[in-house]
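Treat the numbers as computed from the prediction; the structure is a model and nothing was measured. Quick note: residue numbers are just sequence positions, from 1.
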Amino acid sequence: MKILTLHGINLNMFGKRDPKTYGTATLADIDAQLVALGQELGVEVECFQSNFEGAMVERIHAAHTEGVAAIVINAGAWTHYSYGIRDALAILKCPIVEVHMSNVHAREAFRHHSVLAEIAQGQIAGFGVDSYLLGLRTAVTHARARAG
């Protein structure tokens, strides 16, 4: 079973960008923790990051072709306005779990709305790296339930 973790725009700057909000873990640190947890859970975890919306959409399209079992996504700022990414995700037949390192609902008003929320299984926000790890656990649980 393969779980795809998608990191959106600017998330390659984790560890450098606003450590008070996002902590000091780098994207490589987060990916390593996700892969390790995936091994514990008996699933393959692939991580993908892009600052280019079209590349993200193409990776989501490939996930459909590959039959990925679930998606964990932190779309970054795209969360709030990218209907292109939302529509690409809507093509998928697998669980989608939206995650955010910070509590987006306690930040600027524009961050309170997610265009992905309607198509996501759920949203986990505000727990730093643990948001990703909780998201992976949730994605695996729901993917296994769908697989029967």
Side-chain angles (χ1 to χ4, degrees), residues 1-51 53 56-57 59-60 62-64 66-82 85-148:
M1 178 178 294
K2 183 178 189 176
I3 311 297
L4 178 61
T5 300
L6 300 171
H7 307 286
I9 192 165
N10 294 319
L11 302 187
N12 59 305
M13 298 305 291
F14 280 148
K16 300 174 186 92
R17 177 184 175 202
D18 192 6
K20 184 178 178 188
T21 301
Y22 300 106
T24 57
T26 66
L27 188 60
D29 296 335
I30 294 166
D31 287 348
Q33 289 184 51
L34 286 165
V35 168
L37 178 57
Q39 289 172 344
E40 280 180 43
L41 299 173
V43 299
E44 175 189 354
V45 174
E46 178 188 334
C47 300
F48 176 82
Q49 189 278 329
S50 182
N51 291 316
E53 190 172 16
M56 183 65 69
V57 167
R59 183 63 193 98
I60 294 165
H64 181 271
E66 295 165 5
V68 167
I71 300 281
V72 174
I73 183 167
N74 181 347
W78 289 328
T79 300
H80 315 296
Y81 67 86
S82 179
I85 290 173
R86 183 230 184 264
D87 288 350
L89 289 167
I91 294 167
L92 302 175
K93 306 291 187 238
C94 65
I96 299 164
V97 179
E98 181 182 340
V99 300
H100 300 282
M101 297 269 279
S102 68
N103 180 354
V104 292
H105 303 288
R107 297 183 62 195
E108 304 94 336
F110 77 89
R111 296 186 195 274
H112 299 180
H113 178 73
S114 166
V115 299
L116 310 179
E118 285 183 3
I119 60 166
Q121 187 80 33
Q123 186 182 74
I124 300 169
F127 298 105
V129 176
D130 285 340
S131 291
Y132 278 100
L133 302 176
L134 291 165
L136 178 57
R137 287 182 183 280
T138 301
V140 169
T141 298
H142 287 274
R144 285 185 173 144
R146 283 192 186 191

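The two residues Leu116 and Ala75 make their nearest non-hydrogen contact at CD1-CB, 3.8 Å. The shortest non-hydrogen separation linking Ala143 to Met1 is CB-SD, 3.8 Å. Closest of all the heavy-atom pairs between Gly135 and Val99 is CA-CG1, 3.9 Å. Residues His100 and Thr79 share a closest heavy-atom pair of CE1-OG1, 3.2 Å. Contact record, Leu133 with Leu37: O-CD2, 3.6 Å, taken as the closest heavy-atom pair. Counting all heavy atoms, side chain and backbone alike, Leu136 lies closest to Ile3 at CD1-CG2, 3.7 Å.
A distance of 4.5 Å separates CG in Leu11 from CG in Asn74, rounded to the nearest 0.5 Å. Between Asp130 atom CG and Arg137 atom CZ the span is 9.5 Å, to the nearest 0.5 Å. The distance from the CG atom of Leu6 to the CH2 atom of Trp78 is 10.0 Å, given to the nearest 0.5 Å. Annotation: the span from Lys16 atom NZ to Thr26 atom OG1 amounts to 7.0 Å, rounded to 0.5 Å. Atom CG in Leu34 sits 10.5 Å away from atom CG in Leu41 (nearest 0.5 Å). Atom CD1 of residue Ile71 and atom CZ of residue Phe48 lie 11.0 Å apart, to the nearest 0.5 angstrom.
Here the side chains of Ile91 and His64 are in contact, with some heavy-atom distance below 4.5 Å. Inter-residue side-chain proximity for Gln123 and Val97 is flagged as unmet; no heavy-atom pair is nearer than 4.5 Å. Looking at heavy atoms from C-beta onward, Ile60 lies in side-chain contact with Ile85 at the 4.5 angstrom threshold. Considering only heavy atoms from C-beta on, Thr5 stays 4.5 Å or farther from Ile73 through its side chain.
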Working for side chain to side chain contact (heavy atoms under 4.5 Å, CB included), residues Phe127 and Met101: CA-CA 6 Å; Phe127 298 105; Met101 297 269 279; over 6 Å; no
Working for side chain to side chain contact (heavy atoms under 4.5 Å, CB included), residues His113 and His80: CA-CA 6 Å; His113 178 73; His80 315 296; 5.6 Å; no
Verdict with reasoning, Phe14 to Gln49, per side chain to side chain contact (heavy atoms under 4.5 Å, CB included): CA-CA 12 Å; Phe14 280 148; Gln49 189 278 329; over 6 Å; no
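Residue pairs meeting the salt bridge (Lys or Arg N to Asp or Glu O under 4.0 Å) criterion with at least one member in residues 35-47, sequence neighbours excluded, are Lys2-Glu46, Glu46-Arg59. A salt bridge (Lys or Arg N to Asp or Glu O under 4.0 Å) check over residues 115-126, counting only residues at least two apart or in different chains, returns the pairs Arg86-Glu118.
In the model, Asn51 has no side-chain atom that pairs as donor or acceptor with a side-chain atom of Glu53 under 3.5 Å.
Shown here are the side-chain hydrogen bond (donor to acceptor under 3.5 Å, both in side chains) partners of Ser114, two or more places apart in sequence or in another chain: Glu98.
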